[in-house]
Asker: 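Mind having a look at this structure? Questions to follow.
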Amino acid sequence: MTTKRRPQRSRLSRWGEFAIEMLIRACGISAVVFVFGIFFFVIREGWPFLVGDLNLGEFFGSTQWYPDSMSNKRYGALALIAGTVSVTGLAMLIAVPLGLGAAVYVSEFSHGRQKEALKVVIELLAAIPSVVWGFIGLVVLNPLIIDLFDVPVGLNVLNGALLLALMGVPIIVSIGEDALKAVPDSYREAAEAMGATRWQVTWRVLVPAARNGLLAAVLLGVGRAVGETMAVLMATGHAVNLPTSVFDSVRTMTATVAAELGEAARGSDHYCVLFVLGALLFAISFVVNLTADLAIRGVRRR
Amino acid sequence: MTEATDTKGIRTRDLCLWYTKFQALINVTATIRPGLVTGLIGPSGCGKTTLLRCFNRINERIPGVRTEGTIEILGHDIYAPGTDLIELRRGVGMVFQRPNPLPLSVAENVLFGIKVHRCERLGRQEEHDVIEKALREVSLWADLKDRLHASATSLSLEQQQKLCIARLLPLKPRLLLMDEPCSALDPAATQRIEELIRELRGTYTILIVTHNMAQARRISDECMFMLLGELVEHRRTEDLFLNPADERTARYIEGRYG
Ligand SMILES: Nc1ncnc2c1ncn2[C@@H]1O[C@H](COP(=O)(O)OP(=O)(O)O)[C@@H](O)[C@H]1O
Ligand SMILES: [Mg+2]
C-alpha cells in the first residue's frame with residue numbers, strides 16, 4: 001500500500017514545489033517590474049513638458065520658481081536643487097563621522113549587554129517615522145537653534161540637516177557594524193599578537209578591510225537623506241532660496257513635490273515639472289544606490 | 001638535565017588555565033631553553049595551542065579564560081601586574097595555524113609591526129631595506145620583490161605563511177611561537193618552511209607546536225609531550241623518541257593515541 005501511495009505523493013509535492021517556485025519567481029520579477037513601472041510613470045507624467053516648453057537652462061540655472069504666477073510662470077529649480085544638496089550635504093557631514101564612529105564603537109569596543117542595548121536603541125531610532133522627526137524639528141530644534149545661535153528663525157538648513165543626520169545615523173551604524181563584523185577575527189588576532197592596540201587594529205586593519213562595506217553604509221545613508229520628504233518639509237522653513245549660510249531657510253526638491261502636487265492641475269506645466277523633479281530625484285537616488293550596491297559587491301568579492 | 005636557573009628562555013611554574021569551568025592546562029612546569037627549537041607534541045585537544053597562546057597572553061582575548069601560576073619570559077614575569085602587553089608581544093612573535101596575513105599589501109604587512117610600535121620614522125629607502133631584509137630572511141624576496149604592493153591575501157598559502165614569519169622579524173623578537181605552521185600546506189611547502197625554521201634556529205628561540213611526530217624529530221632540539229593538559233615529558237628530541245621515560249609518551253610515539 002505504501003508503495004502505491006508514494007508516487008502520488010511525490011507528484012503532489014512536485015506540483016507544490018513548482019507552484020512555490022513560480023510564486024517566488026513572480027515576486028522577484030514583480031520587484032523589477034515595479035521599479036521600471038514607477039520610473040516609466042514618473043517620466044510619462046513629466047514628458048509633455050520635458051519635450052515641450054521646459055527650458056533646461058532655466059530649470060538648472062535659475063532660482064526663479066514661480067509655477068503658479070498668473071502672468072509669468074517660471075520654473076527655475078536651482079534653489080530647490082541647492083536646498084536638497086545643502087541639507088543633504090550638511091546632514092552627511094554630521095552623520096558620517098557620527099555613524100562610522102558609533103559603528104566602530106558598537107562593533108569593536110562594546111561587549112555583552114551594553115552592545116545588545118546599543119543595537120536595540122539604534123534600531124529603535126531607525127523605526128521613528130519621519131513625521132515624528134518633523135515634529136521634533138518644529139518643536140524642539142527650532143527654539144533651540146533660535147536660542148543657541150541667536151538667529152531669527154530656527155527652521156533652516158541646520159535644522160533639516162540635524163534631523164536627516166539623526167535619521168541617517170542608524171542606517172550607517174547598522175550597515176557599518178555588519179561590515180566590521182564580517183572582517184574575520186583572525187585579522188584582529190594577528191594584529192593584536194603583533195602588539196597593536198585595539199585602536200590600531202581598528203584603524204590600520206579593520207577600516208581598510210571593511211572599506212567597501214563602510215562606503216556602502218555611507219551611501220545608503222545619503223540615499224535615505226536625499227529622498228526624505230516629510231521631516232525636511234516641516235523643518236527647513238519652506239522658503240525657495242539659495243542658501244548662503246546654514247541658518248537660511250530653504251526648500252528641497254522632495255518638499256516641493258509633496259507640497260505642490262496636490263494643487264497643480266493634472267497635465268498642466270506645473271504638474272509636469274513636479275514629475276521632472278521627481279525623475280531627477282529618482283535618478284540621483286538610483287545612482288547613489290547603485291554605487292552602494294557595487295561597493296557591497298566589492299566586499300563580497302574579497 | 002635542564003638548567004633550572006636559566007632565565008633567558010621561557011619558564012613556567014604550576015601553570016593552570018581554565019576556559020570558564022574547563023581546565024585545559026594542569027600544573028605545567030617547563031623550562032624552554034633559549035636559542036633552541038623546542039617541539040610541542042601531543043594528541044589533538046591536549047592543550048598545545050592553549051599553552052603556546054599563554055606566552056604572548058593572546059589567550060586573554062577569549063572571555064572566561066583564567067590563568068594561575070607563573071610564566072617568566074626573558075627573566076620577566078609576564079603575568080605580573082603592570083606588565084606591558086604591547087612590549088611583550090613585540091618580543092614574542094606568533095605564527096598561526098592558518099596563514100593570516102593582514103588584508104593589506106605585502107609591504108604593509110612587513111612594516112606593520114614597526115608602524116604599530118612607532119619605532120623610529122623610516123624614510124622610503126629605509127622602509128625598502130627593512131622589507132628586503134625581512135623577505136630575504138624567509139626567502140621570499142626573489143618571488144615577491146616585484147609584487148610588494150600586491151595584496152597579501154592573493155599569495156599562495158606557502159608564501160602567506162612565510163610572510164607571516166617575515167612580518168615578525170623587523171621587530172627583532174627573541175622568541176617565535178609557531179602553532180602548527182605547516183598544517184595548511186602541502187608536503188613540498190612544508191619542507192621549505194622546515195628549512196626556514198632550521199635557518200632561523202639559533203637567532204631566535206623557537207617553540208613549535210606540531211601534530212606531526214616526524215616533523216618534530218626533524219626540526220626540534222628538545223621536545224615536550226603533552227597529554228590532557230599536562231606536560232608529561234620534556235627532553236632532548238632523540239631521547240624522547242628513542243627511549244621515552246614515561247609510558248604514556250612511549251604509547252603516543254608508537255601511535256596509540258590520536
Ligand atoms: N576557546 C575555548 N573555549 C573552551 N574550550 C577550549 C577553547 N579552546 C580550546 N578549548 C579546549 O581546550 C583543550 C585544549 O585545546 P587546544 O589547546 O586547542 O588543543 P591542541 O592545540 O593541543 O589541539 C581542548 O579540550 C579544547 O576543547
Ligand atoms: Mg592546536
Side-chain angles (χ1 to χ4, degrees), chain A residues 100 103-119 175-217 294-302, chain B residues 49 52-53 55-64 84-105 108-119 151-154 160-161 163-173 175-179 184:
Chain A
L100 292 182
V104 164
Y105 183 79
V106 171
S107 164
E108 302 302 319
F109 291 85
S110 68
H111 297 282
R113 300 180 75 167
Q114 188 200 21
K115 184 175 187 152
E116 292 312 311
L118 277 172
K119 284 169 81 167
I175 296 175
E177 200 237 347
D178 281 347
L180 289 168
K181 204 167 58 186
V183 177
D185 195 49
S186 65
Y187 293 158
R188 294 183 186 82
E189 194 166 70
E192 276 181 42
M194 291 174 75
T197 60
R198 263 154 86 206
W199 173 241
Q200 286 171 325
V201 173
T202 303
W203 184 244
R204 291 184 177 275
V205 180
L206 301 181
V207 169
R211 189 177 52 217
N212 291 334
L214 296 177
L215 180 65
L294 293 177
I296 290 175
R297 242 164 250 234
V299 167
R300 293 219 193 93
R301 222 182 303 120
R302 276 166 152 259
Chain B
T49 299
L52 200 71
R53 288 163 60 94
F55 298 142
N56 63 355
R57 290 182 56 176
I58 198 82
N59 266 336
E60 286 162 33
R61 299 185 72 229
I62 302 165
D84 185 349
L85 259 188
I86 289 166
E87 269 313 294
L88 170 71
R89 288 172 182 169
R90 178 177 178 164
V92 180
M94 178 168 255
V95 181
F96 295 80
Q97 191 164 356
R98 279 211 64 82
N100 58 355
L102 299 171
L104 309 169
S105 72
E108 283 171 298
N109 265 275
V110 178
L111 294 173
F112 189 80
I114 289 187
K115 296 232 166 109
V116 154
H117 288 279
R118 301 216 174 74
C119 306
S151 164
T153 47
S154 70
Q160 290 189 14
Q161 195 62 305
L163 181 64
C164 288
I165 299 174
R167 70 179 173 193
L168 304 175
L169 305 181
L171 291 175
K172 305 189 175 63
L175 192 67
L176 297 181
L177 308 171
M178 302 189 178
D179 189 359

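Values in this document were obtained by computation on a predicted structure and should not be read as measured data.
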Asker: Check whether B/Ile58 gets within reach of chain A through its side chain, its backbone, both or neither, counting any heavy atom under 4.5 Å.
Answerer: side chain

Asker: Write down the atom of B/Pro103, the atom of A/Val205, and the distance for their closest heavy-atom approach.
Answerer: CD-CG1, 4.1 Å

Asker: Between CG of B/Leu102 and CZ of A/Arg188, what distance do you get to the nearest 0.5 Å?
Answerer: 12.0 Å

Asker: Start with the C-alpha gap between A/Tyr187 and B/Thr153, add the side-chain angles, then the distance that decides, and say whether side chain to side chain contact (heavy atoms under 4.5 Å, CB included) holds.
Answerer: CA-CA 11 Å; A/Tyr187 293 158; B/Thr153 47; 3.8 Å; yes

Asker: Which bit of B/Pro173 comes within less than 4.5 Å of chain A, counting heavy atoms only: side chain, backbone, both or neither?
Answerer: neither

Asker: Listed by chain and number, what are the side-chain hydrogen bond (donor to acceptor under 3.5 Å, both in side chains) partners of B/Arg167, not counting sequence neighbours?
Answerer: B/Asn100

Asker: Under 4.5 Å, heavy atom to heavy atom: which of residues 107-116 of chain A reach chain B? Give them by number, or say none.
Answerer: none

Asker: With only heavy atoms counted, which part of B/Val95 is less than 4.5 Å from chain A, the side chain, the backbone, both or neither?
Answerer: neither

Asker: Take B/Glu60 and A/Glu192, measure what side chain to side chain contact (heavy atoms under 4.5 Å, CB included) needs, and give me the verdict at the end.
Answerer: CA-CA 11 Å; B/Glu60 286 162 33; A/Glu192 276 181 42; over 6 Å; no

Asker: Which value, rounded to the nearest 0.5 Å, describes the distance between B/Arg61 atom CZ and A/Glu189 atom CD?
Answerer: 5.0 Å

Asker: Could you report the tightest heavy-atom contact between B/Asn56 and A/Ala193, atom names first, then the distance?
Answerer: ND2-CB, 4.0 Å

Asker: On a heavy-atom basis, which atom in B/Val116 and which in A/Ala196 lie closest, and how many Å separate them?
Answerer: CG1-CA, 3.5 Å

Asker: Could you check whether any side-chain N or O of B/His117 sits under 3.5 Å from a backbone N or O of A/Met194, counting only pairs where one atom can act as donor and the other as acceptor?
Answerer: yes

Asker: Please report the shortest heavy-atom distance between A/Ala190 and B/Phe96, naming the atom on each side.
Answerer: CA-CE1, 4.1 Å

